[in-house]
Amino acid sequence: QTRFSTSSPTVEDLSTPHPLTAFFGGLELLGYDLDVTETTPGGEIDVALFWRAHQGPGIDRQLQLRIGQSVIPLAPAYPMDRWQAGDVFYTRHRVRVPADNEGGVQSLQVTVLDKAGTAITSPVRLTDMTVVVADRRFDVPADISHPERVELGAGVTFLGYDLEPQKLKPGETVHLTLYWRARASMDKGYKVFTHLLNVGIGMWGQVDAFPVNGTRPTTGWLPGEVIVDRYQIPVDPAAPAGEYLVEVGMYDPRTLERLPAVAGGQRLAEDRIVVGNIRVEP
């Protein structure tokens, strides 16, 4: 966030993309910026707020962002009780839409509360935000061709997979469906890795992605929910003929650390799940 020391700042000084005027007992909201207006439960959005302090130092306030019925606390990096009267601030917040958000077109609002947690005024509407909620399912499909059970970390169970074809040529595509169940809420968005390996020769196909083409981040899964997750893995046109295996798992894209994979009480080597064999023919 940035502090502006201009003694008489204006909205124009700040180049506020969406100016407005709202007062919260010693604070004035001058406008906002927003990177997206459509997201999903578990999705992240960037919100910038532009403020002018009319009191201070010592103003003691709390900030909240509301997306429909979801309430998200905001914490400016520069403490509000140090803001000086006349100062103008630009505060930026990266927030996550809660997994249980009801979805639909919702009002995006800002609320300012006193130190006791009581709203200073009614919430101020910024704009509308669309939260797209996929059809959720909590039953395990009966037609999983290869059912399994592998626990990944504290939050995910791998339920099995579908894989076809069993034979294909270089340049063709492997069709893989993975089935996951959320055991608990997750505060990290994990990526899925899918690798096509010729043992001893190397990797000849790979797709790493957030679940369901990025539309179902693990931060948006509800406990007990079942996710059907499809991948199309292109086989390298130069792939040599031979026997291949497909391995999958999840990892934190920020650290590249894989989620521990445990089956039958034993941790799997390299925290990978081998889901099937494929033959590549000339």
Side-chain angles (χ1 to χ4, degrees), residues 36 39-46 65 67-73 75 93-103 131-163 176-195 206-231 233 246-276:
V36 296
T39 186
T40 62
E44 293 186 337
I45 61 175
D46 270 322
L65 188 71
I67 305 175
Q69 299 302 312
S70 300
V71 178
I72 305 169
H93 312 271
R94 184 133 183 107
V95 300
R96 179 181 296 126
V97 179
D100 61 357
N101 184 278
E102 66 273 22
V131 180
V132 180
V133 179
D135 292 335
R136 298 188 188 270
R137 65 181 301 167
F138 294 86
D139 62 303
V140 177
D143 58 349
I144 301 176
S145 58
H146 300 280
E148 293 189 18
R149 186 179 181 90
V150 181
E151 312 297 343
L152 281 81
V156 180
T157 298
F158 175 70
L159 298 174
Y161 67 96
D162 303 330
L163 180 67
L176 174 66
T177 302
L178 306 176
Y179 298 87
W180 314 101
R181 170 175 272 168
R183 299 202 312 278
S185 299
M186 287 170 277
D187 60 2
K188 290 184 179 179
Y190 293 103
K191 258 188 171 179
V192 177
F193 66 85
T194 67
H195 299 160
Q206 175 184 14
V207 174
D208 285 21
F210 293 105
V212 194
N213 296 316
T215 65
R216 296 301 319 276
T218 55
T219 49
W221 296 6
L222 295 178
E225 186 176 4
V226 174
I227 308 296
V228 180
D229 192 17
R230 296 181 174 88
Y231 294 85
I233 309 171
V246 178
E247 65 174 15
V248 305
M250 286 189 177
Y251 66 95
D252 183 342
R254 297 180 181 179
T255 65
L256 303 183
E257 183 178 357
R258 292 182 177 181
L259 276 177
V262 177
Q266 299 294 318
R267 187 164 179 175
L268 301 181
E270 301 179 42
D271 293 318
R272 63 177 188 161
I273 307 167
V274 176
V275 300

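- With a 4.5 Å cut-off on side-chain heavy atoms, Thr40 and Val131 do not count as touching.
- Here the closest heavy-atom approach between residue Gly276 and residue Leu163 is recorded as CA-CD2, 3.9 Å.
- Counting non-hydrogen atoms of other residues, nucleotides and ligands closer than 6.0 Å to CZ of Arg137 gives a total above 12.
- Within 6.0 Å of CG in Asn213 there are 12 or fewer heavy atoms belonging to other residues, nucleotides or ligands.
- Proximity of a side-chain donor or acceptor of Asn101 to a complementary backbone N or O of Ile67 within less than 3.5 Å is detected.
- Going from atom CZ of Phe158 over to atom CG of Leu259 covers 13.5 Å, rounded to the nearest 0.5 Å.
- Between the side chain of Arg258 and the backbone N or O of Arg272 there is no donor-acceptor pair closer than 3.5 Å.
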Step-by-step side chain to side chain contact (heavy atoms under 4.5 Å, CB included) determination, His195 to Asp208
CA-CA 8 Å; His195 299 160; Asp208 285 21; 3.7 Å; yes
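- Atom CD of Gln206 sits about 9.5 Å away from atom CD of Glu247, to the nearest 0.5 Å.
- Put simply, the side chain of Ile273 reaches to within 4.5 Å of the side chain of Glu148, judged on heavy atoms.
- When only modelled atom types and interatomic distance are considered, Tyr251 and Asp271 share no side-chain donor-acceptor pair under 3.5 Å.
- Crowding of Arg254 atom CZ: a count of heavy atoms from other residues, nucleotides or ligands under 6.0 Å not exceeding 12.
- Between Pro253 and Phe210, the closest side-chain pair of non-hydrogen atoms falls below 4.5 Å.
- For the residue pair Phe193 and Met250, the shortest heavy atom distance occurs at CE2-N, 3.7 Å.
- How far CZ of Arg181 is from CD of Glu151: 10.5 Å, rounded to the nearest 0.5 Å.
- Contact detail for Lys188 and Thr218: the closest heavy-atom pair is O-OG1, 2.7 Å.
- A salt bridge links Glu225 with Arg216: the distance from a Lys NZ or Arg NE/NH1/NH2 to an Asp or Glu carboxylate oxygen falls below 4.0 Å.
- Taking each heavy atom of Pro217 and Gly43 in turn, the nearest pair found is CG-N, 4.2 Å.
- Within the 4.5 Å cutoff, the side chain of Leu152 has no heavy atoms near those of the Tyr190 side chain.
- Counting heavy atoms from C-beta outward, Met186 and Val156 have side chains that approach closer than 4.5 Å.
- Of all non-hydrogen atoms in Gln69 and Glu102, the two that sit nearest each other are N-OE2, 3.4 Å.
- Remark: Glu44 CD to Thr39 OG1 distance equals 8.5 Å, nearest 0.5 Å.
- Listed for the Thr194 side chain is a donor-acceptor partner under 3.5 Å among the backbone atoms of Val207.
- The shortest heavy-atom contact between Arg96 and Asp187 is NH2-O, 3.1 Å.
- In this structure the side chain of Val248 never reaches within 4.5 angstrom of the side chain of Tyr231, judged on heavy atoms.
- With a 4.5 Å cut-off on side-chain heavy atoms, Asp139 and Val226 do not count as touching.
- Partner of Val228 under the side chain to side chain contact (heavy atoms under 4.5 Å, CB included) criterion, out of Leu178, Leu159, Thr177, Val212: Thr177 alone.
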